[in-house]
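One structure below.
Throughout, numbering of the chain's residues begins at 1 and tracks the sequence. Here the structure is a predicted model, which is why all the values come from computation and not from measurement.
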Amino acid sequence: MNPFRTNPTRRVLLGTVATVSGVTALLALKPHTQATVALPQAAASPTTTPSASASSPASASPSASSSTKSKKSTKSTTTTKTVTGDTIQTRYGPVQVQITLKAGKLTAVNVLQVPNDNPRDAQIAQYSVPVLTQEALAAQSASINSVSGATYTSQGYTSSLQSALDKSGN
């Protein structure tokens with residue numbers, strides 16, 4: 001005769017032990033990160049764009065202190081404008097971006113603040129910010145997708161980006 005049929009307490013105990021063991025095994029697994037694979041290509045584009053604008057006289061002065069700047073180019077009549085978005089407080093820390101517009105087109109997004117109080121926050125910002133920046137430049141708006149695993153940072157980024165776009169008048 002089957003010992004589990006005669007004693008239901010054994011079935012309950014075996015089920016509980018199996019469930020606890022399964023949950024413990026799942027919690028012990030470490031998730032794979034894509035930061036080492038995607039970061040070198042993604043990080044290269046945001047840093048090259050601001051450095052190109054850093055050589056222009058419009059961004060030679062400290063840009064974090066003023067929210068809007070405008071300068072006429074000597075070669076053409078296009079206007080380059082740098083606007084700093086609002087600082088958005090997220091669950092894990094502040095997020096703030098600064099945008100550069102040339103002739104009304106979004107040409108650069110510079111991240112001034114992201115959550116980085118602990119290594120995990122820094123890791124999330126390291127892989128999510130380049131993706132968000134690429135999407136913002138491609139979309140030319142704040143209507144971009146969130147990065148999986150960086151929901152709060154993504155929401156803060158898009159909110160700060162939208163406030164900068166609103167301030168710019170475009």
Output for pair (Asn116 CG, Tyr92 OH), nearest 0.5 Å, gives 14.5 Å

Closest non-hydrogen atoms of Gln113 and Pro94, given as atom of the first, atom of the second and distance, are OE1-CG, 3.1 Å

Tested for side chain to side chain contact (heavy atoms under 4.5 Å, CB included) against Leu112, the lone hit among Val97, Thr84, Val95 is Thr84

Taking the side chain as every heavy atom from C-beta outward, state whether Val83 and Gln98 have any pair of such atoms under 4.5 Å apart. no

Any sub-3.5 Å donor-acceptor pair from Ser160's side-chain atoms to Asp86's backbone N or O? yes

- request: Ignoring hydrogens and angles, tell me if any N or O in the side chain of Glu135 forms a donor-acceptor pair with the backbone of Asn145 under 3.5 Å.
  value: yes

Looking only at heavy atoms, the pair that brings Gly85 and Gln96 closest together is O-NE2, 2.9 Å

Problem - Main-chain N/O of Thr79 paired to Lys102 side chain as donor or acceptor, under 3.5 Å - result: no

When Ile99, Val111, Ile88, Asp166 are each screened for side chain to side chain contact (heavy atoms under 4.5 Å, CB included) with Leu161, the one that passes is Ile99

**OP:** Determine whether Thr90 and Pro115 make a side-chain contact, defined as any pair of heavy atoms from C-beta on separated by less than 4.5 Å.
**Re:** yes

Residues passing the side-chain contact (heavy atoms from CB on, under 4.5 Å) test with Thr158, sequence neighbours excluded, are Ile144

Side chain to side chain donor-acceptor pair (under 3.5 Å) pairs touching residues 148-157, sequence neighbours excluded, are Arg91-Tyr152, Thr133-Tyr157

- Query: Hey, does the side chain of Gln140 reach the backbone of Leu106 with a donor-acceptor pair shorter than 3.5 angstrom?
  - Reply: yes

(request) For the residue pair Leu101 and Thr107, establish whether any side-chain heavy-atom pair is separated by less than 4.5 Å. (result) no

